[in-house]
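Here's the structure, in structure tokens; my notes come after.
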Protein chains: 2
Amino acid sequence: MVKGKRSSQLGAENGIETRKKIIKTARALFMEYGYRGVSTRKIAESCGITQPALYHHFPNKQSIYLEMLRNDLLEMKTSLQRIVQSCDEMKESLERIIYFLLERYPFNLHQLFHDIEHEVAEEHHETIQEWWRSACQRPIATLFEEGIEKGTIYSEGNNQIDAERYSFLLMNVLSQRDQRLRSRKELSEQASFLATFILYGVSSQSRLTTNNES
Amino acid sequence: MVKGKRSSQLGAENGIETRKKIIKTARALFMEYGYRGVSTRKIAESCGITQPALYHHFPNKQSIYLEMLRNDLLEMKTSLQRIVQSCDEMKESLERIIYFLLERYPFNLHQLFHDIEHEVAEEHHETIQEWWRSACQRPIATLFEEGIEKGTIYSEGNNQIDAERYSFLLMNVLSQRDQRLRSRKELSEQASFLATFILYGVSSQSRLTTNNES
DNA sequence: CCTACCGATCGGTAGG
DNA sequence: CCTACCGATCGGTAGG
């Protein structure tokens, strides 16, 4: 039993390592191929274990997905809150938010939403939506709300609703990525281009009028 | 042989009707659940036929998907070209394009791109990309190019490349839909909101400056 | 001998 | 963490 305890402790440590490896591997695969496009055998194979061994660490395929999602959204929340708090100027905040999302989450956001809607059991939808709101929707909407209060961002009246709509639009703009963009310089240029688009649109007059102030 | 000919003609007509019904049904299912989320049995069931009967009309599942895609993109091409040609004012064109896409294709565009990339055989990718470019990318880019030439749309120098980038952004903005919007009035308001966003962004100054002219 | 379709089952693979 | 499997369902095809 003493030997059993020792090996069980080591086993637990290895088990935790394996668990992390499963999450990391599954994340890359899920983001590339989608939930249905990744089999548990594929995840196991990529981790160097057999498929039934997965079920020693997780009760089912869905729980791997949810754990991965929870980890990602917790990290996203921390990062976005830090960016929003540390920047004073709207355009700089937008550029840094966009750069962060392009670099750290270089995948299709709508595949994610699709998988959550169609592959994850409905009982988890509300939880996931709250994760998403606090990780992404709220920090970005906060930024726009501050802009509306300062008068730099347009609002038709209801500041909070307009800020949320803009936050939704920002995510849409980032939803489909040009996968060719990879270098730091290219990402930075793309972030600047998108931030300018979100602020001033494609009209030449709005850009010329507003660019003079900065 | 005469009787045979007659019954074969009627059979062919019924066959064509069934084929159209399969395409129409498969379209709705594929757009809601994605390629992998729809089984051939589900398609057949929704058409009121058995699953093996599908293989009388199509050699395989993929060919149903490709036929549906080709039909949709041919229709989209005609409609978008008509809108672009019939409108003189940029904002009106944008609103009508957005309204058309929201109403006629109320699904997630990125699920479509994902399915094409991961589920359709690579030999068809180039063909599909050309369908997409001529149906959507080119008509919308043409609109922005005209705006750039008139001076109303901003360009950093290369008009054609900037117009294509804007066309890509417009599709991104439309990629994720608020499924609650359904009535004609709501769609119309959403189209106006999005067209204004694309033209002037979220900055209050760019909107106030430019709104006075219209 | 054709068509449009049926019930049943093929080889393989999914999550568990 | 393995081998050996399960109930079910997948896309596709057999004979009638």
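Within every chain, numbering begins at 1; the chains are lettered A, B, ... in the order of the sequence lines, protein sequences first and strands thereafter. Fair warning: this is a prediction, and the values are worked out from it, not measured in the lab.
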Can you list the residues that meet the side chain to side chain donor-acceptor pair (under 3.5 Å) rule with A:Ser39, with sequence neighbours excluded?
-> none
When you measure from every atom of DNA chain C, which of residues 60-69 of chain A have a heavy atom less than 4.0 Å away?
-> A:Asn60, A:Lys61
Residues passing the salt bridge (Lys or Arg N to Asp or Glu O under 4.0 Å) test with B:Glu130, sequence neighbours excluded, are B:Arg138
Under the side chain to side chain donor-acceptor pair (under 3.5 Å) test, residues paired with B:Thr40 that sit two or more places apart | B:Gln51
Any residue meeting ring pair (Phe, Tyr, Trp, His ring centres under 6.0 Å) with A:His118, in chain and number order, not counting sequence neighbours = A:His114, B:Tyr33
Note, A:Ser86 side chain near A:Arg96 side chain (heavy atom, < 4.5 Å) | yes
Across all chains, not counting sequence neighbours, the ring pair (Phe, Tyr, Trp, His ring centres under 6.0 Å) partners of B:Phe58 are none
Pick the C1' atom in D:dA8 and in C:dG12, then give their distance to the nearest Å.
-> 13 Å
Taking ring pair (Phe, Tyr, Trp, His ring centres under 6.0 Å) as the test, write out the residues that go with B:Tyr65, two or more places apart.
-> B:Phe30, B:Tyr35
Want to know the stems of DNA chain D: at least 3 consecutive Watson-Crick or G-U pairs with distances under 3.5 Å, which are they?
-> none
What residues form a side chain to side chain donor-acceptor pair (under 3.5 Å) with B:Glu146, not counting sequence neighbours?
-> none
Could you list the residues that satisfy side chain to side chain contact (heavy atoms under 4.5 Å, CB included) with A:Thr25, not counting sequence neighbours?
-> A:Lys21, A:Leu29, A:Ser46, A:Cys47
Could I get a table of every N or O pair under 3.5 Å where one atom is in the protein and the other is in nucleotides 7-13 of chain C?
unit_1	atom_1	unit_2	atom_2	d
C:dT9	O4	B:Arg41	NH2	3.4

Gap in Å between the two C1' atoms, one belonging to D:dC10 and one to C:dC10, rounded | 12 Å
First encountered from the 5' end of DNA chain D, between A:Gly48 and A:Arg36 = A:Gly48
For B:Trp132, ring pair (Phe, Tyr, Trp, His ring centres under 6.0 Å) partners two or more places apart | B:Phe113
